[in-house]
**Q** 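Submitted below is the structure of interest, expressed as structure tokens.
In this text, all values refer to a predicted model and were calculated from it rather than measured experimentally. Note that ligands are numbered from 1 as they come in the structure, with each ligand's atoms numbered from 1 the same way. What you see below is based on every heavy atom in this structure, not just the backbone, and it leaves out hydrogens, waters and symmetry mates.
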Amino acid sequence: MSLILGIETSCDECSASVVRYQVDSIEVLSCETFSQILIHRPYGGVVPEIASRNHLETINPMITAALASAEISPRELDAIAVTNRPGLVGALLVGVSAAKSMAYALEKPLVPVHHLEGHATSIFLNSSDRPPVRRNEIPYPMLIAVVSGGHTNLHLAPAAPELWPLDFLKRSLVGRSRDDAAGEAFDKTAKVLGFPYPGGRWIDETAQSGNPRAFDFPRALPQKATLDFSFSGLKTAVAMKAEELRKKGELESRLPDLCASLQEAIVDALFTKIALAVRDNRCKSLAIVGGVAANSRLRNRLDTEWKSLGLLQPPILPEMKYCTDNAAMIAGAGAFRFRQSHALRGLDYLTLNAFASPEF
Ligand code: KG4
Ligand code: ZN
């Protein structure tokens with residue numbers, strides 16, 4: 001058993017969490033998150049300078065609240081985990097500095113965590129809301145699709161995270177987006193249609209009453225020879241269709257059809273490549289993680305079509321609250337690395353830095 005504090009400040013969520021690592025579960029004891037979405041909304045996207053300044057104001061209250069609601073004193077922690085890449089460097093540095101100072105003052109090991117490894121292990125988090133996903137009972141290999149605002153990657157996991165090498169993300173990558181991420185495609189098209197930032201949730205909601213076959217938007221890279229994605233053409237196609245409808249005075253009334261059709265194009269592209277990757281690599285299980293895993297159409301298609309993919313069990317998705325950025329997934333991923341003894345101790349803390357790039 002280990003108690004890990006996680007800290008996440010890579011973009012516009014300031015989050016701290018305490019998890020209890022056990023052999024068959026990662027129990028989330030607390031997860032306190034301050035979302036800056038409303039602060040950035042007037043600018044139509046995240047403003048890096050505003051993000052880091054806000055993290056500075058909220059990081060200490062989040063850490064204090066996470067420890068208090070977990071009823072854990074800082075001395076009881078076994079390690080402190082923090083996201084140090086990828087993300088906005090100024091924002092990351094706030095979390096990294098807070099984690100370094102705490103680890104130094106408390107003489108605790110410090111575990112740097114790759115944000116995408118946090119998403120990838122988010123399926124193993126369990127709170128009281130659902131039974132734990134037992135990682136040793138999952139049939140491997142498992143395909144992990146990371147579909148977030150910044151990334152669309154397909155990773156092949158040969159075993160449970162305790163056995164992942166340090167360069168797991170690099171070694172396991174079998175497909176990725178060549179341009180925009182799936183979440184970015186949602187956000188950019190939503191902006192064109194006048195929805196507030198971040199737009200994925202609004203498109204999802206508006207699409208509920210629309211016809212997904214009303215408009216035929218492009219599905220890029222349909223060739224079976226590649227597991228890569230491309231979403232950058234979608235924004236232009238949606239913008240042109242929206243302009244055409246606006247001129248006819250039909251934009252407002254066709255908005256649900258437009259949202260349903262563009263959502264279908266994104267989900268279809270994701271589904272097609274995921275299915276191909278599962279078959280090519282003879283995967284027995286599938287996990288979908290990241291903000292876009294919250295999408296209802298994607299969840300729906302997985303529910304109804306997973307058997308046709310040849311999987312031995314239904315796809316595993318994180319609980320809704322652990323799809324978007326949160327510190328519980330960082331604490332969880334940190335726990336796996338801590339158990340492998342990949343932690344910085346003593347003066348080694350001073351070497352830890354923050355990096356914008358994912359470095360695959
Ligand atoms: O994982 P995340 O919180 O941040 C990154 O690490 O990038 O993902 C945020 C992304 C945004 O692009 C947001 O629009 C998208 O997840 N998102 C959704 C939904 N909820 C969040 N996209 C589609 N449907 C949703 N329901
Ligand atoms: Zn994320």
**Q** Which of the atoms of ligand 1 are close to Gly291, meaning less than 4.0 Å from one of its heavy atoms?
**A** 1 (O), 2 (P), 8 (O), 16 (O), 17 (N), 18 (C), 19 (C), 20 (N), 21 (C)
**Q** Identify, for atom 23 (C) of ligand 1, the protein heavy atom at the shortest distance, and state residue, atom and that distance.
**A**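 Nearest protein contact, heavy atoms only, for atom 23 (C) of ligand 1 is Asn295 ND2, 3.5 Å.
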**Q** Atoms of ligand 1 less than 4.0 Å from Thr324 heavy atoms?
**A**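 In order of number, 3 (O).
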**Q** The Zn ion (ligand 2): which protein N, O or S atoms are under 2.8 Å away?
**A**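 N, O, S partners closer than 2.8 Å: His115 NE2, His119 NE2, Asp325 OD1.
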**Q** Show the atoms of ligand 1 that are less than 4.0 angstrom away from any heavy atom in Gly183.
**A**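 Result: 12 (O).
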**Q** Show the nearest heavy-atom pair for residues Ala98 and Ile63, with the distance to one decimal.
**A**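 Closest pair (atom of Ala98, atom of Ile63, distance): CB-CD1, 4.3 Å.
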**Q** How far is atom 3 (O) of ligand 1 from its nearest protein heavy atom, and which residue and atom is that?
**A**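 I find the closest protein heavy atom is Asp325 N, 3.0 Å.
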**Q** Looking only at side-chain N and O atoms, does Ser296 offer a donor or acceptor that is under 3.5 Å from a partner on Gln208?
**A** yes
**Q** Yes or no on side chain to side chain donor-acceptor pair (under 3.5 Å) for Ser261 and Lys241, after CA distance, side-chain angles and deciding distance?
**A** CA-CA 11 Å; Ser261 302; Lys241 183 54 74 181; over 6 Å; no
**Q** Hey, any chance Val19 and Tyr322 share a hydrophobic cluster, counting ILVMFWY side chains that come within less than 4.5 Å of each other, even indirectly?
**A** yes
**Q** Side chains of Glu13 and Thr324: do they bring a donor and an acceptor to under 3.5 Å?
**A**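 Looking only at side-chain atoms, Thr324 and Glu13 do not form any donor-acceptor pair under 3.5 Å.
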**Q** So, regarding Phe186 and ligand 1 (criterion: nitrogen or oxygen to nitrogen or oxygen, under 3.5 Å), is there a contact or not?
**A** no
**Q** For Thr33 and Asn326, which I'm curious about, is there any donor-acceptor pair between the side chains at under 3.5 Å?
**A**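 No, Asn326 and Thr33 have no side-chain donor paired with an acceptor closer than 3.5 Å.
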**Q** Side-chain donor-acceptor pair under 3.5 Å between Asp78 and Ser2, yes or no?
**A**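 Per modelled atom types, Asp78 and Ser2 side chains form no pair under 3.5 Å.
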**Q** Could you check if a side-chain atom of Leu270 sits within less than 4.5 angstrom of a side-chain atom of Phe231, using non-hydrogen atoms only?
**A** yes
**Q** Does a donor on one side chain sit under 3.5 Å from an acceptor on the other, for Thr83 and Glu8?
**A**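 Glu8 and Thr83 do have a side-chain donor-acceptor pair below 3.5 Å.
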**Q** Less than 3.5 Å between some nitrogen or oxygen of Gly290 and one of ligand 1, yes or no?
**A** no
**Q** Looking at Arg297 and Glu264, is any side-chain nitrogen of the basic one under 4.0 Å from a carboxylate oxygen of the acidic one?
**A**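 So Glu264 pairs with Arg297 through a salt bridge.
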**Q** Using distance alone, determine whether Asp204 and ligand 1 share an N or O pair under 3.5 Å.
**A**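 For ligand 1, there is an N or O atom that lies under 3.5 Å from one belonging to Asp204.
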**Q** On the 0 to 90° scale, with breaks at 30° and 60°, tag the Phe217-Phe215 ring pair as parallel, tilted or perpendicular.
**A**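 Tilted, since the angle between the ring planes falls between 30° and 60°.
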**Q** Give the residue and atom name of whichever protein heavy atom lies nearest to atom 9 (C) of ligand 1, and the separation in Å to one decimal.
**A** Gly149 N, 3.8 Å
**Q** Any N or O of Glu184 that comes nearer than 3.5 Å to an N or O of ligand 1?
**A**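 N/O-N/O distance under 3.5 Å: no.
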**Q** Please check whether Glu13 reaches ligand 1 - meaning an N/O of the residue sits under 3.5 Å from an N/O of the ligand, judged on distance alone.
**A** no
**Q** Mark up the atoms of ligand 1 that fall under 4.0 Å of a heavy atom belonging to Gly150, in ascending order.
**A** 7 (O)
**Q** Any heavy atom of His119 sitting closer than 4.0 Å to ligand 1?
**A** yes
**Q** Under 4.0 Å between a Lys/Arg side-chain N and an Asp/Glu carboxylate O for Arg201 and Glu205?
**A**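 Judged by the 4.0 Å cut-off on N to carboxylate O distance, Arg201 and Glu205 do form a salt bridge.
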**Q** Run down the list Val147, Val292, Asp187, Ile203 and name the one with the heavy atom closest to atom 12 (O) of ligand 1.
**A**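 Result: the heavy atom closest to atom 12 (O) of ligand 1 is in Asp187.
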**Q** Out of all atoms in ligand 1, which are within 4.0 Å of some heavy atom of His115? Include the element for each.
**A**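 Numbered from 1, ligand 1 contributes 6 (O).
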**Q** For Arg85 and Ser357, indicate whether the former's side chain and the latter's backbone hold a donor-acceptor pair under 3.5 Å.
**A** yes
**Q** Among all protein heavy atoms, pick the one closest to atom 22 (N) of ligand 1 and tell me residue, atom and distance.
**A**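 Answer for atom 22 (N) of ligand 1: Gly200 CA, 3.5 Å.
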**Q** Hey, are the side chains of Glu250 and Asp257 touching, using non-hydrogen atoms and a 4.5 Å cut-off?
**A**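 Side chain of Glu250 against side chain of Asp257, heavy atoms only: no contact under 4.5 Å found.
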